[in-house]
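This report refers to the structure that appears directly beneath it.
Each chain gets a letter, A, B and so on, in the order the sequences are listed, and its residues count up from 1. From a predicted model like this one, the values you see are computed outputs, not experimental measurements.
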Amino acid sequence: MQFAYMDSPRLYNGVRLIDRPSPENVRRLDLGALPMVNEMNGRGIYLDCEELECLSIEIRDRLEGLEDEIDGMAGQRINPESSQQVAPLVFHELALHPPGGIKFTKTGKESTVDDVLSTIQDLHPIVPMILEHRGLVKILGTYSDKMPLLVDEYSRVHTTFSAVTTSTGRLASSDPNVQNIPVRSVWGKRVRDAFRSTPIEVLREMTPGYHGPPTTLSAIDLSQIEMVWAAHLSQDPIMMGIFDRGDDIHTRTALAMMRLPESVCCCRGKNPDHDVTGHGCPVWNEFKIKYRLPSKTLGFGILYGVTPKGLVLQIAAAGGPSWSMDEAEEFIAKWFGVYTGVESWVQDQYARARRYGMVWCAFGRVRYIPEVRSMLRGVVNAGLRQAGNQPVTASAQGTIKLAMAQVMDELVAEYQAYNDVICWPLLQIHDELLFELSTNIAEEFSQKVHDVMVSATPLSVPVRAGIETGELWGDLK
DNA sequence: AAAATCTGCCAC
DNA sequence: AAACGTGGCAGATTTT
Ligand SMILES: Nc1nc2c(ncn2[C@H]2C[C@H](O)[C@@H](COP(=O)(O)OP(=O)(O)OP(=O)(O)O)O2)c(=O)[nH]1
Ligand SMILES: [Mn+2]
């Protein structure tokens, strides 16, 4: 005899989609992901230290030149890393005025954060040099100088993934953090290029008796995963329609931001001349970097409660068009006007936070939101934004954690049992899994991982994922 | 001199 | 940055 209500079907390890707080369910979910987490922590990823040492030398060289030029223009010795030296120089001695006015840090000092400086970088050549200096020091200090100090005897970097650190069910990576290896800047990408598949001679050293082929890296990345979950959770028909058609929401946002007609992005496959969304299109790569990337930030920003003021500053910092607050407000309203179901779902989360002092994700992972009881509006609003964010982010983590469990138990176990086959889970980067694989099994294994990832959580819309394979991590894009 | 804080920036 | 969210880390500055 069945009960009258529908139990949600059990997914891998008996985990369920369940719309109420459920610590038992979350426990199953998290414990299931641990075997792969442990495997990753123990295995490490090969790092080409010589490559990074060369990079460090080049960066130091560039830094010296920059420092000379900066000092020359400033007319004094100045440390570009010291915001307390940079602020008086650019805002007062050089009298450069940000369009949005000088901003202040919470302790009342003049802020020289990138977002502000980039709005005045055309006013004086010293500004872009300060910004470049900061970027290079960051890469040098955090990555190219530091990482080689952390490798083991086989030149592998072992991070520590923690599953009990975040309030959203994400993993955290530390010592070193491998979830923020640069990828967006030209210099930064060279850091990522130093993470690569193990040279065959090192492989044989690590794995005596290995007679298989060399290895390659393979990354499987969930597509627009939080937007997909937002569509599923809210059941918004427009957003669901986008994913049902296999469309790309970040690209659509980009086109809207550029104020191009809908027809441009709806003509996919029909009018190749104007179809900037087609991957075969020669302008696609440029489009992706110049417009799709900022549109990701824009779309997630709106979904997670960006204010008109915040949006204006965000667009300006990205070097985009100069919008008024009214225009930003209108864009946000228009976005929620299109995805009305998402707007009401977000409002439901706010109401839930206010009533219960907590929200929960589709797996029953709870986040307490005590901020809603504060007397301070700013604190309350921050709490409400967290309330809108956690259910989406935590649900998306459910998808990848289930995949990690199933891939480890079923696929990695199988392939590691074969002779002369390397099948190593290396890293998890929130919605992406990185493996090192013998080249002869790379394609079929990656395809199987892909299939597990996209079917781990059956949603109202298709979950998609991309596979990229290559020797260098930096090549997987 | 070491510890704590502030500010800034890398990624998803 | 006062107000998209989640993290970790480093250099400068301040406190102990
Ligand atoms: N709130 C917020 N979340 C972000 C931001 N950037 C990334 N995320 C979250 C949401 C994404 O779904 C998830 C994975 O990041 P990705 O860079 O892979 O973006 P996404 O998967 O949406 O697009 P993709 O098709 O992979 O290019 O991380 C951001 O700027 N703000
Ligand atoms: Mn992704």
> Roughly how many Å is it from CD1 in A:Ile78 to P in C:dA12, rounded to a whole number?
Replying inline: 13 Å
> Is the shortest side-chain N to carboxylate O distance from A:Glu110 to A:Lys103 below 4.0 Å?
Replying inline: no
>> Applying a 4.0 Å non-hydrogen cut-off, can you work out what A:Lys296 is touching in the nucleic acid: base, sugar-phosphate, or nothing?
In response: nothing
> So, A:Ser223 side chain and A:Ala465 main chain: donor-acceptor pair closer than 3.5 Å or not?
Replying inline: no
> Which nucleotide sits closest to the side chain of A:Gln84: C:dT14, C:dA2, C:dG5?
Replying inline: C:dT14
> Are A:Glu226 and A:Arg170 within salt-bridge range, i.e. N to O under 4.0 Å?
Replying inline: yes
>> I want to check one thing: is the phosphate of C:dA10, taken as OP1 and OP2, less than 4.0 Å away from some side-chain N or O of A:Lys146?
In response: yes
> What nucleic acid atoms does A:Thr297 come within less than 4.0 Å of, heavy atoms only: base, sugar-phosphate, or nothing?
Replying inline: base
>> Counting the atoms with a prime plus P, OP1 and OP2 as sugar-phosphate, which does A:Ala382 contact under 4.0 Å by heavy atoms, base, sugar-phosphate, or nothing?
In response: nothing
> Going 5' to 3' along DNA chain B, which nucleotides are the first and last within contact of chain A (any atom under 4.0 Å from a heavy atom)?
Replying inline: B:dC6 to B:dC12
>> At 4.0 Å (heavy atoms only), tell me whether A:Asn381 reaches a base, stays on the sugar-phosphate, or touches nothing.
In response: nothing
> OH of A:Tyr304 versus C1' of C:dG5: gap in Å, rounded?
Replying inline: 7 Å
>> When the C1' atoms of B:dT7 and C:dA2 are compared, how many Å lie between them, rounded to an integer?
In response: 16 Å
> Sequence neighbours excluded, which residues qualify as salt bridge (charged side-chain N to carboxylate O under 4.0 Å, His left out) partners of A:Asp115?
Replying inline: none
> Can you tell me if the side-chain N/O atoms of A:Ser167 get under 4.0 Å from OP1 or OP2 in C:dG7?
Replying inline: yes
> Mapping A:Arg377 and A:His430 to their closest nucleotides on DNA chain C, which lands nearer the 5' end?
Replying inline: A:Arg377
> What nucleotide among C:dG8, C:dA3, C:dG11 has an atom nearest to a side-chain atom of A:Glu81?
Replying inline: C:dG11
>> Students often get this wrong, so: under 4.0 angstrom with heavy atoms, is A:Val183 touching a base, only sugar-phosphate, or nothing?
In response: sugar-phosphate
>> Taking the basic N atoms (NZ, or NE/NH1/NH2) and the acidic carboxylate oxygens, is any pair closer than 4.0 Å for A:Arg352 and A:Asp348?
In response: no
> How close or far is atom P of C:dG5 from atom CD1 of A:Ile369, stated in whole angstroms?
Replying inline: 12 Å
> Does A:Asp221 pair with A:Lys477 as a salt bridge, N-O distance under 4.0 Å?
Replying inline: no
>> Before we go on, tell me: are the rings of A:Phe445 and A:Phe435 under 6.0 Å apart, centre to centre?
In response: yes
> Using atom P of each nucleotide, how far apart are B:dC6 and C:dA1 to the nearest Å?
Replying inline: 13 Å
> Hey, are A:Glu436 and A:Ser197 close enough side-chain-wise for a donor-acceptor pair under 3.5 Å?
Replying inline: no
> Which part of the nucleic acid, if any, lies within reach of A:Thr393 when heavy atoms closer than 4.0 Å are counted: base, sugar-phosphate only, or nothing?
Replying inline: nothing
>> With nearest nucleotide decided by heavy atoms, which residue, A:Leu311 or A:Gly101, maps closer to the 5′ end of DNA chain C?
In response: A:Gly101
>> The side chain of A:Thr307 is closest to which nucleotide in this list: C:dA1, C:dA10, C:dC4?
In response: C:dC4
>> Regarding A:Val113, tell me which of base, sugar-phosphate or nothing describes its non-hydrogen contacts under 4.0 Å with the strands shown.
In response: sugar-phosphate
> What's the CG-P distance between A:Leu298 and C:dG5, to the nearest Å?
Replying inline: 15 Å
>> Centre-to-centre under 6.0 Å for A:Phe331 and A:Trp335, is that the case here?
In response: no
>> Measure CG/A:Asp175 against P/C:dG7 and give the value in whole Å, please.
In response: 16 Å
>> I need the CD1-C1' distance between A:Ile181 and C:dC9, as an integer number of Å.
In response: 11 Å
> If you check the A:Thr168 side chain, which of C:dG7, C:dC9, C:dT6 turns out closest?
Replying inline: C:dT6
> Of the nucleotides C:dG7, C:dT6, C:dC4, which one has an atom closest to the side chain of A:Arg367?
Replying inline: C:dT6
> Atom CZ of A:Phe300 and atom P of C:dA3: how far apart are they, to the nearest Å?
Replying inline: 21 Å
> Would one find a side-chain N or O of A:Arg385 under 4.0 angstrom from OP1 or OP2 of C:dC4?
Replying inline: no
>> Whole angstroms only, please: what is the CZ-P distance between A:Phe336 and C:dC4?
In response: 12 Å
